[in-house]
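Here's the structure, in structure tokens; my notes come after.
Note that the structure is predicted; figures quoted are calculated from it, not measured. Order of the sequence lines fixes the chain letters, A, B, ..., with proteins taken first and strands second; residue numbering starts at 1 for each chain.
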Protein chains: 2
Amino acid sequence: MLKQETLSKNQQIVLDYIEKVNEPIKAYSILHNVQKKGIKAPLQVYRALDKLVEIGKIHKIESRNAFVACKNSNCQISKATAFSICESCEEVSEISDSKLSKYLKNFQDKAGMKFNKYNLEFFGLCKKCSIK
Amino acid sequence: MLKQETLSKNQQIVLDYIEKVNEPIKAYSILHNVQKKGIKAPLQVYRALDKLVEIGKIHKIESRNAFVACKNSNCQISKATAFSICESCEEVSEISDSKLSKYLKNFQDKAGMKFNKYNLEFFGLCKKCSIK
DNA sequence: TGTTAATTGTTATAATATAACATTGTGTAA
DNA sequence: TTACACAATGTTATATTATAACAATTAACA
């Protein structure tokens with residue numbers, strides 16, 4: 001079988017919703033919002049999420065257990081992700097900085113470990129919240 | 001009240017156990033292992049974990065929902081953490097690399113966000129597992 | 001010693017995620 | 001076109017991770 005090029009029904013439903021909301025969203029919130037499309041069980045959502053993460057269409061924000069659509073063209077396989085997270089309003093943005101990604105891709109662990117993936121999460125206050 | 005200098009009873013029990021096992025461990029696993037010390041409920045563990053993370057004695061490995069004792073003297077407040085995680089054997093090591101931490105501390109987001117914390121997780125194969 | 005905040009103990013429950021198994025769909029090659 | 005392999009689905013149940021709410025106790029210190 002060739003590599004999958006089209007998404008399955010459930011995968012497409014979940015991706016459409018995540019892209020529509022355009023901010024990190026939790027699995028059960030997705031579930032509530034796609035039930036009208038026929039998705040009834042958590043597992044249906046989690047399976048779609050797993051696949052979408054695997055192919056790089058979405059990312060998981062680990063510290064928040066939330067999922068967000070990928071906006072970078074250069075992280076196709078979810079192997080190099082970086083986010084900024086506002087600890088006040090919880091706004092999350094994907095960081096697209098080629099110097100940063102280059103630096104991290106080339107990072108060499110002292111223990112000689114071979115990396116194929118990383119995830120970086122920065123925390124702080126976004127512009128709006130730092131004014132308040 | 002002055003800043004806390006000594007740990008409370010439950011905090012100390014939990015920390016002692018995490019330091020003893022010397023690898024990432026999950027909250028409920030901690031619970032099972034400290035019940036003989038009188039800790040009976042998940043909340044008692046989670047409250048201790050929260051405090052220990054807050055004061056930098058331990059870190060949370062977000063992608064694994066696990067906790068590990070801090071081995072760096074220079075990340076006292078858990079504000080700058082980096083780990084390498086073997087996807088095969090799940091071995092986790094804290095990365096202590098002053099160049100890396102300097103680079104990340106000074107990283108400037110294009111959106112002008114002010115960071116006070118970051119967490120970085122690298123994934124790959126450790127030496128042992130890459131031989132297999 | 002009285003006050004305040006931190007910590008504890010306890011029960012219940014919320015939120016996140018996976019196991020297991022039967023069934024259906026889809027691409028590919030015989 | 002049929003048979004095979006694998007991906008995806010549907011479904012029920014359950015495992016795992018984490019917090020809410022409230023009462024009681026302990027510790028620091030003005």
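- Atom P of nucleotide D/dA18 and atom CD of A/Glu62 are separated by 12 Å, given to the nearest angstrom.
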Task: Chi angles and distances behind the side-chain hydrogen bond (donor to acceptor under 3.5 Å, both in side chains) call for B/Asn33, B/Gln35 - done: CA-CA 6 Å; B/Asn33 283 285; B/Gln35 284 185 326; over 6 Å; no
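- Between A/Arg64 atom CZ and D/dT17 atom C1' the separation is 16 Å, expressed in whole Å.
- Cluster membership check: B/Ile13 shares its hydrophobic cluster with B/Tyr28, using side-chain heavy-atom separations under 4.5 Å among Ile, Leu, Val, Met, Phe, Trp and Tyr.
- Non-hydrogen atoms lying under 4.0 Å from DNA chain C are contributed by A/Lys26, A/Tyr28, A/Leu43, A/Tyr46, all within residues 23-46 of chain A.
- Within the structure, the salt bridge (charged side-chain N to carboxylate O under 4.0 Å, His left out) test picks out the following pairs touching residues 83-92 of chain A (sequence neighbours left out): A/Arg64-A/Glu90, A/Glu87-B/Lys117.
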Could you walk me through whether B/Phe122 and B/Phe83 pass ring pair (Phe, Tyr, Trp, His ring centres under 6.0 Å), step by step? CA-CA 6 Å; B/Phe122 282 104; B/Phe83 303 95; over 10 Å; no
- request: Begin with the C-alpha distance, continue with both residues' side-chain angles, and end with the deciding distance and a verdict on side-chain hydrogen bond (donor to acceptor under 3.5 Å, both in side chains) for B/Gln12 and B/Asn10.
  value: CA-CA 5 Å; B/Gln12 192 66 58; B/Asn10 288 355; over 6 Å; no
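- Residue A/Lys51 places none of its side-chain N or O atoms closer than 4.0 Å to OP1 or OP2 of D/dA7.
- Phosphate proximity of D/dT26 to B/Ser8: absent, as no side-chain N or O sits under 4.0 Å from OP1 or OP2.
- Side-chain polar atoms of A/Ser63 and B/Glu62 form no donor-acceptor pair below 3.5 angstrom.
- For the pair A/Asn10 CG and D/dT11 P, the computed distance is 11 Å after rounding to whole Å.
- Nearest to the side chain of A/Asn65, among C/dT8, C/dT16, D/dA18, sits C/dT16.
- Separating the CG atom of A/Leu52 from the C1' atom of D/dA7 is a distance of 14 Å, rounded to the nearest angstrom.
- For B/Arg47, whose side chain is taken as the heavy atoms from C-beta onward, the closest listed nucleotide among D/dA21, D/dA18, D/dT9 is D/dA21.
- Taking 4.0 angstrom as the limit, B/Lys9 places none of its side-chain polar atoms (N or O) nearer than this to OP1 or OP2 of D/dA27.
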